Amino acid sequence: MLKDSKGFTMAETLMAFSIWSMISLILLPASVYLKKERVESKVYHEALVLLKEHIESSNFENLEKENVNLFIKDQEFKITWSKEEEIDQACIKWESHEAAKEECMYSFRE
């Protein structure tokens, strides 16, 4: 900057603007990706909690283990049961932005 000048030169202003533009262009995609991953993680957690609660209520209240479709916050979850020898398997399926996802948990029959 010049000694007697009372402002910034055009070159200094353009340099500062270009630095801010590069930082913004680098951070914007990362923040969008993090927001998407946060939503995916929240849906995954909700699915596991729903499956756990469904298994517990079926076991403790001696309800019949039947397939169920649940809608929570515009998201569809499908809980399906399969029976093996002494173990019941409950799986929850849901659609994600990326693909269909599925998680399973097990419970023992008495």
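This is a predicted model, so every value here is computed, not measured. Nothing fancy with the numbering, it's 1 onward along the sequence.
- Put simply, Leu28 and Ile19 are part of two different groups of oily side chains (I, L, V, M, F, W, Y) that touch within less than 4.5 Å, one to the next.
- By the rule that hydrophobic residues join a cluster once side-chain heavy atoms approach within less than 4.5 Å of another member, Tyr44 and Ile92 end up as members of one cluster.
- At least one side-chain heavy atom of Val49 sits less than 4.5 Å from a side-chain heavy atom of His45.
- At a threshold of 4.5 Å between side-chain heavy atoms, the hydrophobic network of Ile, Leu, Val, Met, Phe, Trp and Tyr places Leu70 and Leu51 in one connected group.
- We find the CG-CG distance between Asp88 and Asn59 to be 7.5 Å, quoted to the nearest 0.5 Å.
- Taking CG of Leu25 as the reference point, atom CH2 of Trp20 lies at 13.0 Å (rounded to 0.5 Å).
- The hydrophobic clustering, which links ILVMFWY residues whose side-chain heavy atoms are closer than 4.5 Å, places Val39 and Leu48 apart.
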Under the salt bridge (charged side-chain N to carboxylate O under 4.0 Å, His left out) criterion, do Lys101 and Glu95 qualify, and how do the steps go? CA-CA 6 Å; Lys101 298 202 175 188; Glu95 294 289 327; over 6 Å; no
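- Atom NZ of Lys65 sits about 13.5 Å away from atom OG1 of Thr80, to the nearest 0.5 Å.
- At distances below 3.5 Å, not a single donor-acceptor pair connects side-chain atoms of Gln75 with backbone N or O atoms of Ile72.
- Note that CD of Gln89 is 4.0 Å distant from SG of Cys91, once rounded to the nearest 0.5 Å.
- Panel note: side chain Ser41, backbone Glu37; no donor-acceptor pair is recorded below 3.5 Å.
- The existence of a salt bridge linking Lys36 and Glu40 is excluded, since no basic side-chain nitrogen approaches an acidic carboxylate oxygen closer than 4.0 Å.
- By the rule that hydrophobic residues join a cluster once side-chain heavy atoms approach within less than 4.5 Å of another member, Met15 and Ile23 end up as members of one cluster.
- Here the straight-line distance linking atom OG of Ser107 with atom NZ of Lys83 works out to 9.0 Å at 0.5 Å rounding.
- Atom CD1 of Ile55 sits about 9.0 Å away from atom SG of Cys104, to the nearest 0.5 Å.
- Within 6.0 Å of the CE atom in Met105, the count of heavy atoms belonging to other residues, nucleotides or ligands exceeds 12.
- A side-chain donor-acceptor contact under 3.5 Å links Asn67 to the backbone of Trp81.
- The two residues Glu76 and Trp94 have their closest heavy-atom pair at O-CB, 3.4 Å.
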